[in-house]
2 protein chains.
Amino acid sequence: MYCGSSTLSKPKVSIIGVGPGSSDWVSPASLTAIEQSDWIIGWELDFKPLGKLPDGKRIIFQTCADYKQIIEKTALEAFSAHASIAILKTGDPLIAPAGLEDLKRIFNKFDMRIIPGISTIQLTAAKVPVSLSDCQIFTYHPLPHDGGRDLRLKRKRMVFALERGFNLLVLTGVRQSPKQTASFLIHAGIDNRTPCLVCQNPGQLQETITRCSLEKLTNLNFDWQSVLVVINGKSPFKASACNP
Amino acid sequence: MYCGSSTLSKPKVSIIGVGPGSSDWVSPASLTAIEQSDWIIGWELDFKPLGKLPDGKRIIFQTCADYKQIIEKTALEAFSAHASIAILKTGDPLIAPAGLEDLKRIFNKFDMRIIPGISTIQLTAAKVPVSLSDCQIFTYHPLPHDGGRDLRLKRKRMVFALERGFNLLVLTGVRQSPKQTASFLIHAGIDNRTPCLVCQNPGQLQETITRCSLEKLTNLNFDWQSVLVVINGKSPFKASACNP
């Protein structure tokens with residue numbers, strides 16, 4: 001006879017990728033996971049791909065003022081109420097490590113699962129196109145306030161990845177623009193003629209594609225919701241960004 | 001007045017990711033792209049996530065005997081007939097570079113676009129969980145018959161990625177099993193106690209998860225549809241595969 005286990009009695013938290021911003025990219029798996037949850041939490045932007053707010057659920061919005069505190073508060077309340085939680089994430093929750101690590105700590109008494117989503121990284125790689133296995137992914141969103149330690153690690157990894165023949169896929173953050181990345185790479189000795197592609201607002205109505213050199217990029221401004229591809233001539237996979 | 005361009009008159013080919021194998025992961029964007037195409041081509045396995053064959057389309061199956069020739073033949077026929085083609089790909093077309101490069105060559109007279117899908121790589125990373133920006137992705141599917149050149153490059157990249165603190169996400173192929181990868185890594189000097197996770201048949205009913213050391217892995221057999229994660233203790237993102 002099956003007697004159950006303590007794992008079964010834990011409340012559930014699902015971290016759900018809802019894709020880059022339109023309903024076109026929300027998988028049935030993500031919709032089912034939302035339907036199976038009691039409370040739904042996210043930024044207003046994270047609810048946008050759903051079209052409308054889910055019926056019959058407690059909806060909790062994160063804002064700039066309280067986005068960290070409200071997650072901690074909700075976790076405590078949900079644990080007491082044994083409520084299941086869906087945490088919505090634009091794109092794919094697997095792209096932003098800092099957020100994921102925080103959630104693992106906050107929900108350590110919950111049964112946690114992650115539902116991947118289509119990311120802006122994938123949409124942008126598809127425009128070049130480059131294979132993800134010939135790329136190194138970087139995210140500046142969020143970039144932690146740690147005196148620049150995380151940024152220095154990522155920049156070291158970038159130069160290294162280019163030297164090893166990889167393309168770079170860089171998710172822009174509010175504190176690091178494609179312009180800043182381009183300036184750094186040129187300063188670090190990367191050829192200023194290196195071809196790049198920037199997809200601004202990937203998957204949204206106002207999506208734009210810019211193809212130019214690293215040098216040209218140092219003079220261009222983009223929305224914080226952009227992905228930069230630095231295309232490596234040495235990659236065994238021939239990218240075609242300069243031959244559209 | 002808008003007068004059109006030669007680009008507009010090219011026939012269209014869409015390379016469409018349909019996710020890891022069940023309808024749960026097929027995005028509305030992929031379904032729309034299939035609906036907008038005249039001919040649909042893929043392996044029998046690639047049609048499985050759709051549940052049933054799309055109505056009112058010419059359906060072309062690839063098989064072991066003719067999978068390359070039939071793509072070339074279909075491209076020629078479709079160009080003459082000005083038919084739009086959907087090429088279905090299990091998972092995400094951006095994961096397998098060799099296939100993508102061939103398609104770019106074969107369909108060079110077409111207007112090509114890629115619709116990303118959820119990959120088994122993402123489903124497996126979600127099980128650990130590890131962030132994709134702390135991983136290097138490898139695929140042995142397909143592994144070209146090139147005297148081992150591609151395999152040697154990938155193995156060199158693997159040791160390198162581990163030394164630099166990355167986790168490895170390795171898509172198994174028929175010619176390279178997790179066991180072979182584990183044996184190679186131990187031989188190359190990687191600690192045989194390094195924690196690993198294997199997701200066999202990700203996203204399918206018969207999905208299984210195995211957590212063990214690199215050493216243990218050298219004695220285990222898995223289906224060719226498996227993803228291996230080699231978890232790097234040095235990664236700044238603390239993975240939890242050994243603390244389920």
Side-chain angles (χ1 to χ4, degrees), chain A residues 7 15 17 19 22-30 32 92-101 104 112-119 121-123 125-139 150 153-154 156-157 160-161 164-166 169 171 203 235-238 240 244, chain B residues 7 15 17 19 22-30 32 92-101 104 112-119 121-123 125-139 150 153-154 156-157 160-161 164-166 169 171 203 235-238 240 244:
Chain A
T7 307
I15 305 174
S22 96
S23 59
D24 288 346
W25 300 102
V26 185
S27 71
S30 292
T32 302
D92 183 354
L94 295 167
I95 298 292
L100 197 53
E101 193 54 30
K104 278 170 61 184
M112 178 183 278
R113 64 172 176 161
I114 297 171
I115 315 284
I118 297 288
S119 64
I121 288 282
Q122 284 168 285
L123 290 196
K127 302 287 180 190
V128 181
V130 281
S131 163
L132 298 183
S133 51
D134 284 320
C135 293
Q136 187 61 57
I137 298 170
F138 296 87
T139 172
D150 188 73
L153 171 71
K154 283 170 183 166
K156 203 181 281 183
R157 281 181 168 184
F160 218 75
R164 299 299 296 183
F166 289 100
L169 285 167
L171 193 65
S235 168
F237 179 81
K238 308 285 181 298
S240 63
Chain B
T7 306
I15 305 174
S22 96
S23 59
D24 288 347
W25 300 103
V26 185
S27 72
S30 292
T32 303
D92 183 355
L94 295 166
I95 298 291
L100 197 54
E101 194 52 31
K104 276 170 59 184
M112 177 182 278
R113 64 173 178 161
I114 297 172
I115 315 284
I118 297 288
S119 64
I121 288 283
Q122 283 169 285
L123 290 196
K127 302 287 181 189
V128 181
V130 281
S131 163
L132 298 183
S133 50
D134 283 320
C135 293
Q136 187 60 57
I137 298 170
F138 296 87
T139 173
D150 188 73
L153 171 71
K154 283 170 183 167
K156 202 182 282 182
R157 281 182 169 184
F160 218 77
R164 299 298 298 184
F166 289 101
L169 285 167
L171 192 66
S235 168
F237 179 80
K238 308 285 180 299
S240 63

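In what follows, chains are A, B, ... by sequence order, proteins preceding strands, each numbered from 1. The model shown is predicted, which means the values in this text are computed figures rather than measured ones.
- Using a 4.5 Å heavy-atom threshold, the side chains of A/Gln136 and B/Arg164 count as separate.
- Pairing each heavy atom of B/Pro28 with each of A/Asp24, the nearest pair is CD-O, 3.2 Å.
- No donor-acceptor pair under 3.5 Å is formed between the side chain of A/Ser27 and the backbone N or O of B/Val26.
- Here the CZ-CD1 distance, from B/Phe166 to A/Ile137, works out to 10.0 Å after rounding to the nearest 0.5 Å.
- In this structure, the portion of A/Ser23 lying under 4.5 Å from any heavy atom of chain B is its backbone and not its side chain.
- Between the CG atom of B/Leu169 and the CG atom of A/Leu94 there is a distance of 9.0 Å, given to the nearest 0.5 Å.
- Within the model, atoms CG of A/Leu123 and CD1 of B/Ile114 stand 11.5 Å from one another, a figure rounded to the nearest 0.5 Å.
- The candidate with the highest count of non-hydrogen atom pairs below 4.5 Å against chain A, out of B/Cys135, B/Ala125, B/Pro116, is B/Pro116.
- Neither the backbone nor the side chain of B/Ser22 has a heavy atom closer than 4.5 Å to any heavy atom of chain A.
- Within the 4.5 Å cutoff, side-chain heavy atoms of B/Lys104 are placed close to those of A/Pro129.
- With a 4.5 Å cut-off on side-chain heavy atoms, B/Arg157 and A/Asp134 count as touching.
- Rounding to the nearest 0.5 Å places OG of A/Ser119 at 7.5 Å from CG of B/Leu132.
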